[in-house]
Structure formats: structure tokens, C-alpha cells
Amino acid sequence: MNSGITSIKLVLLGEAAVGKSSIVLRFVSNDFTENKEPTIGAAFLTQRVNIGEQTVKFEIWDTAGQERFASLAPMYYRNAQAALVVYDITKPQSFIKARHWVKELHEQASKGIIIALVGNKVDIVSSGGERKVAREEAEKLAEEEGLLFFETSAKTGENVNEVFLGIGEKIPLGR
Ligand code: GDP
């Protein structure tokens, strides 16, 4: 078996305020903040994790969700091996946007890109808030489009590491 470091370029896409930066902050620093400043343009962070004998270095591009930055997204996803398409399970519009990102990635990104569909903010439902995107609807999209699928909370940390480990396990390691 090969050992060493494998780098994975990963991009986050999704409507503004669904929690993209918060998911990255949780993964990289195991931290959360209620009043995050919006990302302008894009932010770059790295994080290493061990998957079996391998060290995987995630090179993470967190893009701004605002429409005025949407035309920049191809710059980030064009060379990416993996993408997280994030929506907020309490915001139906953000799921519609997620469908558009999946379509765009399949049309424009590299053929082998691994895409994870991520429904964030499950803690709101756990604490009595109303879910507006059914889990089954998202699972159906994931199945039809060949996506990994997770529901997460950047706030509690639920399932956040699993998203990245799931992607790491899908990428051929030891290159
Ligand atoms: P981005 O624009 O997609 O990067 O979203 P942010 O990470 O900036 O988050 C937008 C807002 O949602 C912030 O106020 C966060 O604190 C909040 N937020 C992010 N993730 C969660 C979550 O899992 N649960 C809850 N309740 N709030 C979240």
C-alpha cells in the first residue's frame, strides 16, 4: 500500500448563509460562531486528516454565495476533485439553488469530480424548528445524480467530519 500525503482540492458551493464557512470552520478548527462575517470572493483553508494509512490534505476553497460572485465559481470548481453543494434544510430556495449547482458541476466540472450534497442546520429541527426540505427529496436527487448525501449541523458538529471522510474514501489515494 502507498503511504504519504494525497492532496484533494475541494470547493464549497451553495446559496449565501446556508453555512458553508461554518462547515469549514467546524472541520478545520472544531469551532462555531453565530455571527460570522460573510465570505467575500473566496477563502482558502487546508486541513489534514488520516484515512487508514494515508494522510489526506484537503485544500478547501470556500466560495461566496452572493449572486454577484457566481460568475467566479468556475475558477474554483474547474480544477477541483471534490465539491460540497450545501443547502439549508429550513430554506427550500437554497435546495433549488443546490440542484442548479449540481447540474452546473455535471456540465462544466471535471468528469470524475466527487460531489457531496449537504443539507445543513439539522440542529434547528432537533430543537423544534420546521424542516422545509424533506430528507427523501434530497436522497432522491443524490441517488439520481450519483452524489454522496449528508445532513449536518455546523453548530453541533453533527456529521461534519463524516462529509470529508466520505469524500476522502472515494478519492483514489496514494497518487
Ligand atoms: P455561508 O454564507 O454559506 O458561508 O454561511 P455562514 O457559514 O456564514 O453561516 C450563515 C449563518 O448561519 C451564520 O449566522 C451561522 O452562524 C449560521 N449557521 C451556520 N451553520 C449553522 C448550523 O448548522 N446551525 C445553525 N443553527 N446555524 C448555522
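Basis for what follows: all heavy atoms, side chains included, without hydrogens, waters or symmetry-related copies. Just follow the structure's listing: the first ligand is 1, and inside any ligand the first atom is 1.
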(request) For a side chain to side chain contact (heavy atoms under 4.5 Å, CB included) with Leu12, tell me which candidate from Val85, Val24, Val118 qualifies. (result) Val24
(request) For Ile51 and Gly168, work out which heavy atoms get closest and say how close. (result) CD1-CA, 3.5 Å
(request) Provide the number and element of each atom of ligand 1 under 4.0 Å from a heavy atom of Asn120. (result) 20 (N), 21 (C), 22 (C), 23 (O)
(message) So if I count the atoms of ligand 1 from 1 in the order they appear, which ones are less than 4.0 Å from some heavy atom of Phe32?
(response) 16 (O), 18 (N), 19 (C), 20 (N), 21 (C), 27 (N), 28 (C)
(request) Please report the closest heavy-atom contact between Ile113 and Tyr77, naming both atoms and the distance. (result) CD1-O, 4.4 Å
(message) Show the atoms of ligand 1 that are less than 4.0 angstrom away from any heavy atom in Lys20.
(response) 1 (P), 2 (O), 3 (O), 4 (O), 5 (O), 7 (O)
(message) Please report whether ligand 1 has a polar contact with Lys155, defined as an N or O pair separated by less than 3.5 Å (distance criterion only).
(response) yes
(request) Is it possible for you to say whether Val160 and Leu25 belong to one hydrophobic cluster, with membership spreading through side-chain heavy-atom contacts below 4.5 Å? (result) no
(request) Heavy-atom contacts with Glu34 under 4.0 Å: which atoms of ligand 1 show up? List them by number with element. (result) 13 (C), 14 (O), 15 (C), 16 (O)
(request) For Leu84 and Leu117, run side-chain contact (heavy atoms from CB on, under 4.5 Å): C-alpha distance rounded to whole Å, both residues' side-chain angles, the deciding distance at 0.1 Å, then the answer. (result) CA-CA 6 Å; Leu84 304 193; Leu117 179 66; over 6 Å; no
(message) Judged on heavy-atom distance to atom 7 (O) of ligand 1, which of Ser127, Ala64, Ser22 sits nearest?
(response) Ser22
(message) Counting non-hydrogen protein atoms only, what is the nearest one to atom 23 (O) of ligand 1? Give residue, atom name and distance.
(response) Ala154 N, 2.9 Å
(request) Quick one: look up the protein heavy atom nearest atom 8 (O) of ligand 1 and list residue, atom name and how far away it is. (result) Lys36 NZ, 3.5 Å
(request) Considering heavy atoms of the protein only, find what lies nearest to atom 17 (C) of ligand 1 and give residue, atom and distance to 0.1 Å. (result) Lys121 NZ, 3.9 Å
(request) Pick one of side chain, backbone, both or neither for how Ile124 approaches ligand 1, counting any non-hydrogen atom pair under 4.0 Å. (result) side chain
(message) Any heavy-atom pair between the side chains of Ile89 and Asn120 that's under 4.5 Å?
(response) no
(message) Polar contacts were defined as any N/O atom of the residue lying under 3.5 Å from an N/O atom of the ligand; does this apply to Asp123 and ligand 1?
(response) yes
(request) Name the closest protein heavy atom to atom 5 (O) of ligand 1, giving the residue it belongs to and the distance to 0.1 Å. (result) Gly19 N, 3.0 Å
(request) Determine yes or no for a side-chain-to-main-chain donor-acceptor pair under 3.5 angstrom, with Thr156 supplying the side chain and Glu158 the backbone. (result) yes
(request) Would you mind telling me if ligand 1 is within reach of the side chain of Val18, the backbone, both or neither, using heavy atoms under 4.0 Å? (result) both
(message) Counting only heavy atoms not in Glu130 (residues, nucleotides, ligands), do more than 12 fall under 6.0 Å from its CD?
(response) no
(message) With the threshold set at under 4.0 angstrom, would you say Ile23 reaches ligand 1 through any of its heavy atoms?
(response) no
(message) Please check whether Thr152 reaches ligand 1 - meaning an N/O of the residue sits under 3.5 Å from an N/O of the ligand, judged on distance alone.
(response) no
(message) To the closest 0.5 Å, what do you measure between CG (Leu10) and NZ (Lys57)?
(response) 13.5 Å
(request) Keeping the roles fixed (side chain from Gln81, backbone from Lys9), state whether a donor-acceptor pair exists under 3.5 Å. (result) yes
(request) Please verify whether a non-hydrogen atom of Ala17 lies at under 4.0 Å from ligand 1. (result) yes
